[in-house]
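Chain letters run A, B, ... following the sequence lines, proteins first and then strands; every chain starts at 1.
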2 protein chains.
Amino acid sequence: MSHSSRREKSNCPISYSLDLFGDRWTLLVLRDLILHGKTRFAEFQDSDEKIASNILAERLRRLEGQGVVVRQKDPTDARQKIYAVTDKGQSLTPVLLEIAAWGASHDPQTGAPDGFANSFYADREGYYREHRRRIAELLEKQDAG
Amino acid sequence: MSHSSRREKSNCPISYSLDLFGDRWTLLVLRDLILHGKTRFAEFQDSDEKIASNILAERLRRLEGQGVVVRQKDPTDARQKIYAVTDKGQSLTPVLLEIAAWGASHDPQTGAPDGFANSFYADREGYYREHRRRIAELLEKQDAG
DNA sequence: ATAATAACTTGCAATTTGAAAGTAATATCA
DNA sequence: TGATATTACTTTCAAATTGCAAGTTATTAT
């Protein structure tokens with residue numbers, strides 16, 4: 001009975017999206033997965049915002065249930081699970097980048113790289129492409145390591 | 001002590017953004033303001049999701065406090081307040097449209113216009129332009145009425 | 001004058017969150 | 001091999017937030 005099931009029906013696509021990630025933590029987990037290439041439970045817990053383990057577990061369960069994330073066993077260590085985004089999850093990249101760009105351009109103390117928002121706004125498609133490259137590279141290194 | 005003040009500091013631009021709109025209701029209010037041209041307290045209450053009046057009041061107060069929204073008195077009726085987005089608020093349009101497009105493309109039962117997501121993804125900048133036109137037109141009609 | 005209306009506020013029960021501690025399975029170390 | 005760490009969670013419970021319903025206050029309409 002958590003989340004949307006008590007709410008009024010709405011066929012608004014924004015409302016649909018918010019049923020899935022309209023809370024603080026879900027988008028931060030997706031940020032770590034999609035933008036930072038994180039894959040382990042403990043890695044999500046390590047980020048600055050310090051998500052509680054019970055909340056993290058619940059959010060990952062929901063994301064998996066909605067087909068946004070998959071949970072695989074780590075072949076090299078049976079204690080660990082590998083979390084990864086599906087295509088449905090990957091397609092949230094532009095949402096995350098817009099949110100990041102907005103934050104970067106309005107937070108006087110942003111920690112985002114200099115000129116990030118401007119170069120993103122100047123050529124979104126180009127930025128997406130470059131981002132894909134960066135992440136592919138990052139995950140490749142992880143597999144190697 | 002509500003919202004971010006108890007949280008760990010993070011200089012992540014996404015975290016900054018979520019401090020402002022990382023909850024269900026704030027983005028729905030912004031949707032109504034930015035995408036539907038709503039301007040009155042009662043109009044926000046009328047949307048399908050049925051936000052409670054105390055929550056709505058609190059969210060509008062925060063948005064005003066953060067310079068995302070302004071509250072003006074209606075010159076023709078002293079009971080009413082006119083809510084409008086500032087430039088900072090307007091610049092959230094791409095965030096909302098990305099969220100809408102994602103929802104529309106993944107919700108089998110979306111109520112979004114046919115082909116919305118595709119035409120948005122095909123030419124974002126073009127869509128932003130057209131959207132600006134539509135809203136300008138809409139607000140003009142409201143002033144006339 | 002009287003009744004509506006608009007924009008809120010208040011009170012309170014119910015839900016959700018967050019911090020801390022605990023558990024189970026596996027891996028590493030001495 | 002037995003003891004100690006790790007990893008990914010679960011459990012517990014107090015505290016914070018939410019959501020309804022019912023006010024309240026200041027206008028405006030009849």
Side-chain angles (χ1 to χ4, degrees), chain A residues 1-10 15 18-29 32-33 38-65 69-84 142, chain B residues 1-10 15 18-29 32-33 38-65 69-84 142:
Chain A
M1 179 71 57
S2 123
H3 280 273
S4 67
S5 48
R6 192 187 47 269
R7 267 192 285 274
E8 288 293 313
K9 275 175 224 308
S10 158
S15 205
L18 295 181
D19 276 345
L20 182 61
F21 58 76
D23 74 290
R24 175 176 193 72
W25 296 115
T26 303
L27 276 174
L28 290 177
V29 170
D32 287 347
L33 272 162
K38 295 187 179 180
T39 59
R40 317 294 157 136
F41 195 92
E43 285 183 299
F44 302 127
Q45 287 190 283
D46 283 345
S47 33
D48 286 348
E49 294 87 2
K50 299 296 170 215
I51 185 170
S53 59
N54 53 347
I55 307 284
L56 175 57
E58 198 267 343
R59 294 302 192 276
L60 287 170
R61 210 179 297 135
R62 293 193 81 236
L63 288 171
E64 198 191 359
V69 153
V70 284
R71 195 178 56 145
Q72 302 150 323
K73 46 178 74 166
D74 183 339
T76 74
D77 184 341
R79 288 171 306 180
Q80 298 193 48
K81 297 294 153 107
I82 300 173
Y83 286 96
Q142 272 181 23
Chain B
M1 180 70 60
S2 126
H3 279 272
S4 68
S5 47
R6 189 186 50 268
R7 267 192 286 273
E8 289 294 312
K9 272 174 225 309
S10 156
S15 205
L18 295 181
D19 276 346
L20 182 61
F21 58 76
D23 73 289
R24 174 174 192 72
W25 296 114
T26 302
L27 276 174
L28 290 177
V29 170
D32 287 347
L33 272 162
K38 295 188 179 180
T39 59
R40 317 294 157 133
F41 194 93
E43 285 183 300
F44 302 127
Q45 288 190 282
D46 282 346
S47 34
D48 286 348
E49 294 86 3
K50 299 296 171 214
I51 184 169
S53 59
N54 55 343
I55 308 284
L56 175 57
E58 198 267 342
R59 294 302 192 277
L60 287 169
R61 209 179 297 133
R62 294 193 80 237
L63 288 172
E64 197 191 0
V69 152
V70 284
R71 195 178 58 146
Q72 302 150 324
K73 47 177 72 166
D74 182 338
T76 75
D77 185 340
R79 289 171 306 179
Q80 299 193 49
K81 298 294 154 107
I82 300 173
Y83 287 96
Q142 272 180 23

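- Annotation: side chain to side chain contact (heavy atoms under 4.5 Å, CB included) contacts of A/Ala42 (sequence neighbours excluded): none.
- Distance CG (A/Asp74) to P (D/dT7): 11 Å, rounded to an integer number of Å.
- Nearest to the side chain of A/Ala52, among C/dG18, D/dC9, D/dA8, sits C/dG18.
- Side-chain N/O atoms of B/Arg71 include one lying less than 4.0 angstrom from OP1 or OP2 on C/dC8.
- Checking D/dT10, C/dT17, C/dA19 against every side-chain atom of A/Ala57, the shortest atom distance belongs to D/dT10.
- Once rounded to the nearest 0.5 Å, the distance linking CZ of B/Arg62 with OG1 of B/Thr26 reads 6.5 Å.
- Going from atom CD of A/Glu64 over to atom OH of A/Tyr83 covers 6.5 Å, rounded to the nearest 0.5 Å.
- Atoms CD (A/Glu43) and C1' (D/dC9) sit 16 Å apart, rounded to a whole Å.
- Going from atom CG of B/Asn54 over to atom C1' of D/dA21 covers 10 Å, rounded to whole Å.
- As a whole-Å value, the separation of A/Ile55 CD1 from D/dT17 P is 13 Å.
- A/Phe44 comes within 4.0 angstrom of no nucleic acid atom, judged by non-hydrogen atoms across all strands.
- For B/Leu56 and C/dA7, the CG to P distance is 10 Å, given to the nearest whole Å.
- The distance from atom CD of A/Glu49 to atom C1' of C/dT17 is 16 Å, rounded to the nearest whole Å.
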Polar pairs (N or O, both sides) under 3.5 Å between protein and nucleotides 21-27 of chain C?
unit_1, atom_1, unit_2, atom_2, d
C/dA27, OP1, A/Ala78, N, 2.9

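- Counting to the nearest Å, the C1' atom of D/dT7 and the NZ atom of A/Lys73 are 15 Å from each other.
- Salt bridge annotation for B/Arg40-B/Asp74: present, with a cationic side-chain nitrogen under 4.0 angstrom from a carboxylate oxygen.
- Separating the NZ atom of B/Lys50 from the P atom of D/dA21 is a distance of 13 Å, rounded to the nearest angstrom.
- Residues B/Leu63 and B/Val29 form a side-chain contact, since some pair of their non-hydrogen atoms from C-beta on lies under 4.5 Å apart.
- Put simply, B/Arg24 has no side-chain N or O that comes within less than 4.0 Å of OP1 or OP2 on D/dT17.
- Note on A/Tyr83: a side-chain N or O is less than 4.0 Å away from OP1 or OP2 of D/dC9.
- A/Arg61 has a side-chain polar atom (N or O) that falls below the 4.0 Å cut-off from OP1 or OP2 of D/dT10.
- Using a 4.5 Å heavy-atom threshold, the side chains of B/Arg59 and B/Asp23 count as touching.
- The side chain of B/Gln80 contributes no N or O atom lying less than 4.0 Å from OP1 or OP2 of C/dT5.
- The side chain of B/Arg59 contributes no N or O atom lying less than 4.0 Å from OP1 or OP2 of D/dG19.
- Scored by the salt bridge (charged side-chain N to carboxylate O under 4.0 Å, His left out) test, B/Arg79 finds B/Asp77 as partners (sequence neighbours excluded).
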query: Passes side-chain contact (heavy atoms from CB on, under 4.5 Å), A/Asp32 versus A/Glu43? Steps please.
result: CA-CA 8 Å; A/Asp32 287 347; A/Glu43 285 183 299; over 6 Å; no

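- A/Trp25 has no side-chain polar atom (N or O) that falls below the 4.0 Å cut-off from OP1 or OP2 of C/dT17.
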